[in-house]
Amino acid sequence: MKNNDFDYIKRKFDSDGVEAPDSIDVKRLIGDKSQLKVKRNKSKNIIKPLLSAVACLVILATTTYVVSPVSQKKVPDSQLQSFASYTEIQNRITEQQNQIKLFDYNSAKYAATSEADIAVDESATSAINTHGTTHVQEEGVDEADIIKNDGKYIYYATYDKLFIYQGTKKVAKINADKNENINDMYLDGSSLILITSKVVEDTAPTNDDNSDDDVMVDLCYVANTDTVIKVYDITDITKPKQIHTFSQSGGYSASRKIDDRLYILSTKYIYNTNDCVIYYECEGKKKEVSPNDIAYTEKVMDSNYSIISGYDLSKGTQIGKTKAIMGYNGELYCSKNNMYIVSSDYEEYTSHIAKIELSNDSIVINKTGSVKGVVNNQFSMDEKDGVLRIATTTKNSNRIYTLDEDLEQIGATDPFGKEESIQATYYMGEYAYAITYRETDPLFVIDLKDPAKPTIKGEVKISGFSTQLIPVDQGIMMGIGYSDENDVKIALFDISNPEKPCVIDSKVLNEYTSNAQVSHKAIMINKEAKYYAIDYYCYDDTNPQTGAMTIKADKSGIDITNMYKIKTDPNYYSYASRCTYIGDKLYVLDEAGKITEFTVK
């Protein structure tokens with residue numbers, strides 16, 4: 001998709017005598033270099049298909065009604081309320097079908113980043129493992145992934161199959177059902193948990209001839225999907241046996257696992273008044289979500305539900321009730337006690353926050369709040385001692401806010417990174433580290449010791465920018481991201497003096513790209529052997545290759561120790577997508593499900 005595609009859309013507004021909103025602008029839709037990095041044609045392009053999807057949403061939005069009901073109740077805009085019936089929900093939708101809102105920015109951004117997940121990497125847990133584990137943002141809060149490793153077997157999910165390997169030997173395979181694709185998975189003792197999306201209706205919502213939504217249905221087919229949890233007993237690894245199932249309305253958004261508790265977040269868009277009812281199904285018993293369990297505020301009323309369910313893996317039972325909140329849909333951050341959903345409004349440059357309390361027996365949507373600016377990703381947020389810290393970008397600067405348990409503002413930094421946008425945020429104890437980008441790559445150090453007075457302590461600049469930040473040693477942080485030419489760049493920062501951070505070393509891998517640039521889960525850390533590994537694709541026209549590289553980083557600098565190349569099927573060229581390890585063996589997996597073993601020296 002080219003930038004002038006957006007210009008064409010804007011010109012169409014003008015030719016039809018309609019004033020195009022400022023939002024139909026390529027810089028606001030896809031950003032400049034600081035927002036999304038699009039590779040040259042010869043490179044492995046991860047983001048380009050997502051931009052096409054955004055363009056489709058823009059065209060669709062010019063004729064689509066977005067639910068933004070205005071209630072007559074005199075209550076504060078931010079006060080949480082619940083519905084009395086689905087009829088009330090339908091009435092609110094009908095009231096607003098004469099109001100056209102062009103383009104749902106939050107939905108488009110979430111659609112464009114849910115797969116790419118441009119995020120900052122968190123440090124691994126304090127325990128040293130002899131096998132690879134999934135990188136997580138919060139210690140004790142597991143995240144789903146397409147690859148898991150229990151030290152003996154490697155589990156790897158492709159679009160419609162899950163493979164189980166012992167070394168390079170395939171010992172079992174699970175096929176997705178018809179009209180179903182595999183999103184993610186977890187391991188929990190002798191259980192394997194698959195999270196899938198399944199089409200439950202083969203047609204888009206239908207409308208009568210008088211419906212204002214006819215154009216939307218004619219323009220775009222949207223399948224109705226459920227998010228499904230499937231629990232398998234893998235006591236006999238060669239014969240995984242499905243023992244439990246749970247599903248809920250909406251496409252899969254995110255999930256987290258805390259001990260034996262699994263929490264699932266899905267998103268369902270409302271297309272007309274007949275599309276309001278949401279369901280959950282536990283062990284084959286399907287039930288409606290009670291309207292009393294659907295929350296909303298007057299401040300945020302877009303055309304979607306965020307649906308949250310909890311599932312106890314040790315008991316095979318649901319935790320409390322399935323809950324939903326209307327209008328909030330976006331990035332998810334989760335601590336051990338609370339989940340936060342953040343909707344970024346790109347028209348008003350405001351982030352709306354919904355706080356969900358998690359416990360052993362219930363899910364409670366209990367607070368909402370807002371801050372100026374929009375968030376970059378889940379790593380823009382962090383919770384410490386009951387204080388939520390959140391980094392946001394406005395049209396011309398950035399801030400970090402501190403909020404109390406009621407999501408009321410405690411303090412905020414002065415603006416920083418003028419005319420730049422946040423690309424990465426990393427919280428470590430009482431400090432935050434933020435990468436912004438426009439022409440250079442400043443690393444800012446922010447002191448958060450006093451939540452009422454967060455303070456910018458220091459900064460250092462370097463070309464290119466990092467999208468991942470990883471603490472590698474006491475006072476040393478590594479960044480993985482992009483050079484000015486969009487190639488892989490690795491930078492090493494000395495952060496031991498908060499007032500004077502400095503660059504120790506940096507390396508650019510010309511004509512290389514990696515999933516690690518856009519997903520924190522693609523970075524493998526071997527704490528025992530003190531090395532890092534990421535997948536790579538070299539798009540050199542004369543010698544393209546793919547595999548994994550190992551990296552050592554310490555106060556002396558960056559050393560790329562090995563480049564492990566894998567063979568690919570000439571009839572189906574598949575890139576390396578992930579790597580993991582068991583002992584001294586490094587395993588590289590490609591997009592077709594093939595696994596290759598190397599001995600790390």
Between [atom1] of [X] and [atom2] of [Y], what distance do you get to the nearest 0.5 Å?
X: Thr394; Y: Lys372; atom1: OG1; atom2: NZ; value: 9.0 Å
X: Phe246; Y: Tyr280; atom1: CZ; atom2: OH; value: 7.5 Å
X: Ile400; Y: Thr392; atom1: CD1; atom2: OG1; value: 9.0 Å

Minimum heavy-atom distance between [X] and [Y], given as atom pair plus value:
X: Ala324; Y: Ile278; value: CB-CD1, 3.7 Å
X: Ile182; Y: Asp160; value: CD1-C, 3.9 Å
X: Asp260; Y: Ser314; value: OD2-CB, 3.6 Å
X: Thr402; Y: Pro451; value: OG1-O, 2.5 Å
X: Ile174; Y: Leu194; value: CG2-CD1, 4.2 Å

When you look at CD of Glu405, are more than 12 heavy atoms from neighbouring residues, nucleotides or ligands closer to it than 6.0 Å?
no
side-chain contact (heavy atoms from CB on, under 4.5 Å) evaluation trace for Tyr346 with Val374
CA-CA 7 Å; Tyr346 283 79; Val374 297; 3.8 Å; yes
Taking the side chain as every heavy atom from C-beta outward, state whether [X] and [Y] have any pair of such atoms under 4.5 Å apart.
X: Tyr252; Y: Asp184; value: yes
X: Tyr186; Y: Ser255; value: yes
X: Asn181; Y: Thr196; value: no
X: Ser370; Y: Lys299; value: yes
X: Ile353; Y: Ile341; value: no

So, is the end of the Lys286 side chain (NZ or CZ) under 6.0 Å from the ring centre of Tyr279 and within 45° of the ring's axis?
yes
State, without any angle test, whether [X] and [Y] hold a side-chain donor-acceptor pair at a distance under 3.5 Å.
X: Asn183; Y: Ser197; value: yes
X: Thr134; Y: Lys148; value: yes
X: Ser421; Y: Gln423; value: yes
X: Glu138; Y: Tyr333; value: yes
X: Thr393; Y: Tyr349; value: no
X: Asn304; Y: Thr267; value: no
X: His520; Y: Glu143; value: yes

Determine the interplanar angle of the Tyr328 and His352 rings, folded into 0 to 90°, and report it as parallel if under 30°, tilted if 30 to 60°, perpendicular if over 60°.
perpendicular
Could you point out which residue of Glu357, Lys367, Glu383 forms a side chain to side chain donor-acceptor pair (under 3.5 Å) with Asn338?
Glu383
Under the criterion side-chain hydrogen bond (donor to acceptor under 3.5 Å, both in side chains), I'd like the reasoning laid out for Ser266 against Gln248: C-alpha separation, chi angles, the key distance, then a yes or no.
CA-CA 8 Å; Ser266 64; Gln248 64 187 38; 2.9 Å; yes
Stepwise salt bridge (Lys or Arg N to Asp or Glu O under 4.0 Å) check, Lys257 with Asp188
CA-CA 9 Å; Lys257 178 178 169 294; Asp188 185 68; 3.0 Å; yes
Start with the C-alpha distance between Lys268 and Asp226, add both sets of side-chain angles, then the distance that settles salt bridge (Lys or Arg N to Asp or Glu O under 4.0 Å), and finish with yes or no.
CA-CA 9 Å; Lys268 178 178 172 60; Asp226 278 359; over 6 Å; no
Measuring centre to centre across the rings, with the benzene-like ring taken for any Trp, is Phe83 within less than 6.0 Å of Tyr296?
yes
